[in-house]
Each structure stands twice: as structure tokens, then as C-alpha cells.
Participant: 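Handing you a structure now.
In this chain, residues are counted from 1 in sequence order. Both backbone and side-chain heavy atoms feed into the values below; hydrogens, waters and symmetry mates do not. Note that ligands are numbered from 1 as they come in the structure, with each ligand's atoms numbered from 1 the same way.
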Amino acid sequence: MPAAERARYIATLRDFPARLEALVLPLSDEQLDQRVAESEWSPRQVVHHLADSHMSANFRFRLPLDEENPMVPTYNQEAWARHSDYRLPLEPSLLILRGLHQRFVVLLEALTEEQWKRPVTHPEYGTVDVEDIARRYANHCDNHIRQINAVGEKFGW
Ligand code: NI
């Protein structure tokens with residue numbers, strides 16, 4: 001994998017908290033609770049999901065650095081999104097993302113070639129490496145920005 005791709009994943013992770021804040025902070029409470037369909041998440045749920053998901057990413061980045069092919073835990077994201085804390089204002093989750101992503105950038109920028117290739121096993125995705133995890137979460141950032149933009153397109157903001 002060329003170093004340029006790794007640098008791109010790191011850049012995406014670095015820029016994400018500010019990109020997300022620019023998108024969601026101007027929204028009203030009503031807009032934050034809009035959904036494109038009953039089965040889809042609102043922007044508010046997406047922001048809280050991102051905080052939970054990226055806390056889980058922290059384990060997926062770190063465990064393989066010091067353990068031999070660790071198994072990482074999974075969780076039921078649909079069930080989590082129905083809990084009371086997914087109705088909170090955005091600030092707690094935006095703060096988590098700010099701090100976490102600052103940590104991710106420092107951690108990933110210092111990885112050696114050997115560390116990028118360390119294996120980690122996910123119950124559904126199988127055995128991947130740290131680089132795959134970085135790609136997956138960089139894509140995760142972009143996908144959820146698109147998901148929030150789709151709500152804006154539907155409701156005209
Ligand atoms: Ni997600």
C-alpha cells in the first residue's frame with residue numbers, strides 16, 4: 001500500500017471533527033431529528049453513533065499493536081441508537097470525536113510498516129490489518145457525512 005493512501009486516511013481522520021461540526025452545528029433541534037425514512041437515523045443519531053463507533057475504532061487500532069491477532073468486540077448499533085443518550089444535544093459526542101481523532105492522528109502517524117500490517121480479527125469481517133481499519137474508518141467518516149447531507153437534501157437545508 002503506497003504511503004500516500006495511508007496519508008489520505010490520516011488526513012480524513014484529522015479533518016473529520018471540523019467537517020462534521022461545520023455540517024451539524026448550524027442545524028436546529030427540529031432539523032437534527034429529521035429522517036429520510038422511519039427506518040433511517042436522524043442527524044442527531046448519526047453524530048452519537050459516530051462517537052460510539054469511533055470509540056470502538058480506538059480498540060481496533062490499539063489492540064493489534066500490542067497483542068497477537070486480537071478479536072475485537074462488536075455491538076448492535078441499531079439497538080444502541082434507541083437508547084436515551086442518542087437524544088442528547090450533540091456536544092458530548094462532538095467532544096468525544098474531537099479528542100479521539102486528535103489521538104488517532106498522533107497514533108497512526110507514528111506507526112511503522114510492521115505495525116500497519118499487524119493483524120486483528122473482527123467476528124464478521126475476518127482477519128484484517130491496522131491499515132484496513134484505517135481505511136474502513138476514513139470511509140465511515142465520508143459515508144456518514146453523505147448520510148447527513150441526504151437528510152438536508154430531502155428537507156431543503
Ligand atoms: Ni456507521
Side-chain angles (χ1 to χ4, degrees), residues 1 5-27 29-65 70-108 116 118-155 157:
M1 173 72 57
E5 294 204 25
R6 290 176 185 164
R8 195 160 46 78
Y9 305 148
I10 293 172
T12 298
L13 293 170
R14 178 188 290 111
D15 296 344
F16 181 65
R19 252 174 99 200
L20 181 66
E21 287 173 16
L23 180 58
V24 297
L25 286 178
L27 300 181
D29 268 336
E30 185 190 348
Q31 289 167 331
L32 286 171
D33 291 324
Q34 290 171 334
R35 303 154 195 269
V36 296
E38 202 47 48
S39 59
E40 296 288 328
W41 287 342
S42 66
R44 185 189 307 279
Q45 286 173 300
V46 171
V47 170
H48 294 311
H49 159 73
L50 283 160
D52 278 331
S53 168
H54 293 197
M55 284 193 273
S56 153
N58 189 48
F59 276 84
R60 294 171 189 192
F61 284 134
R62 309 186 81 85
L63 292 181
L65 299 181
M71 177 77 79
V72 292
T74 59
Y75 59 96
N76 182 337
Q77 61 180 18
E78 293 298 334
W80 284 27
R82 291 192 289 272
H83 286 292
S84 53
D85 58 339
Y86 275 65
R87 296 192 289 275
L88 277 169
L90 305 185
E91 190 188 22
S93 289
L94 293 175
L95 285 171
I96 288 169
L97 289 164
R98 275 265 170 202
L100 263 179
H101 281 241
Q102 198 175 340
R103 298 273 305 269
F104 289 162
V105 169
V106 172
L107 184 77
L108 296 176
W116 279 108
R118 299 275 298 169
V120 52
T121 296
H122 183 286
E124 290 159 31
Y125 311 138
T127 300
V128 298
D129 60 25
V130 172
E131 189 167 293
D132 293 320
I133 302 288
R135 179 185 314 109
R136 185 171 291 277
Y137 282 96
N139 289 339
H140 192 242
C141 293
D142 290 336
N143 290 342
H144 281 297
I145 293 275
R146 271 196 292 277
Q147 184 183 15
I148 294 171
N149 278 326
V151 180
E153 278 158 30
K154 171 162 173 145
F155 290 94
W157 39 262

Participant: Identify all side-chain donor-acceptor contacts of residues 118-125 below 3.5 Å with residues at least two apart in sequence or on another chain.
Facilitator:
{"residue": "Arg118", "atom": "NE", "partner": "Pro64", "partner atom": "O", "Å": "2.8"}
{"residue": "Arg118", "atom": "NH1", "partner": "Glu68", "partner atom": "OE2", "Å": "3.3"}
{"residue": "Arg118", "atom": "NH1", "partner": "Glu114", "partner atom": "OE2", "Å": "3.4"}
{"residue": "Arg118", "atom": "NH2", "partner": "Pro64", "partner atom": "O", "Å": "3.2"}
{"residue": "Arg118", "atom": "NH2", "partner": "Glu67", "partner atom": "O", "Å": "3.1"}
{"residue": "Arg118", "atom": "NH2", "partner": "Glu68", "partner atom": "OE2", "Å": "3.2"}
{"residue": "Thr121", "atom": "OG1", "partner": "Asn69", "partner atom": "OD1", "Å": "2.7"}
{"residue": "Thr121", "atom": "OG1", "partner": "Asn69", "partner atom": "ND2", "Å": "3.4"}
{"residue": "Thr121", "atom": "OG1", "partner": "Thr127", "partner atom": "OG1", "Å": "2.8"}
{"residue": "His122", "atom": "ND1", "partner": "Glu124", "partner atom": "N", "Å": "2.9"}
{"residue": "His122", "atom": "ND1", "partner": "Tyr125", "partner atom": "N", "Å": "3.2"}

Participant: What I'd like to find out is whether the side chain of Phe16 reaches to under 4.5 Å of the side chain of Leu50, using heavy atoms alone.
Facilitator: yes
Participant: Give the C-alpha distance, both sets of side-chain angles, the deciding distance and a yes or no for side chain to side chain donor-acceptor pair (under 3.5 Å) between His48 and His83.
Facilitator: CA-CA 10 Å; His48 294 311; His83 286 292; over 6 Å; no
Participant: Who passes salt bridge (charged side-chain N to carboxylate O under 4.0 Å, His left out) against Arg87, sequence neighbours left out?
Facilitator: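 Listed in chain order: nothing, the list is empty.
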Participant: According to salt bridge (charged side-chain N to carboxylate O under 4.0 Å, His left out), who are the partners of Asp52, at least two apart in sequence or on a separate chain?
Facilitator: none
Participant: Determine whether the aromatic ring centres of Phe104 and His101 lie less than 6.0 Å apart.
Facilitator: yes
Participant: What are the protein N, O or S atoms, given as residue plus atom name, that sit under 2.8 Å from the Ni ion (ligand 1)?
Facilitator: His49 NE2, His140 NE2, His144 NE2
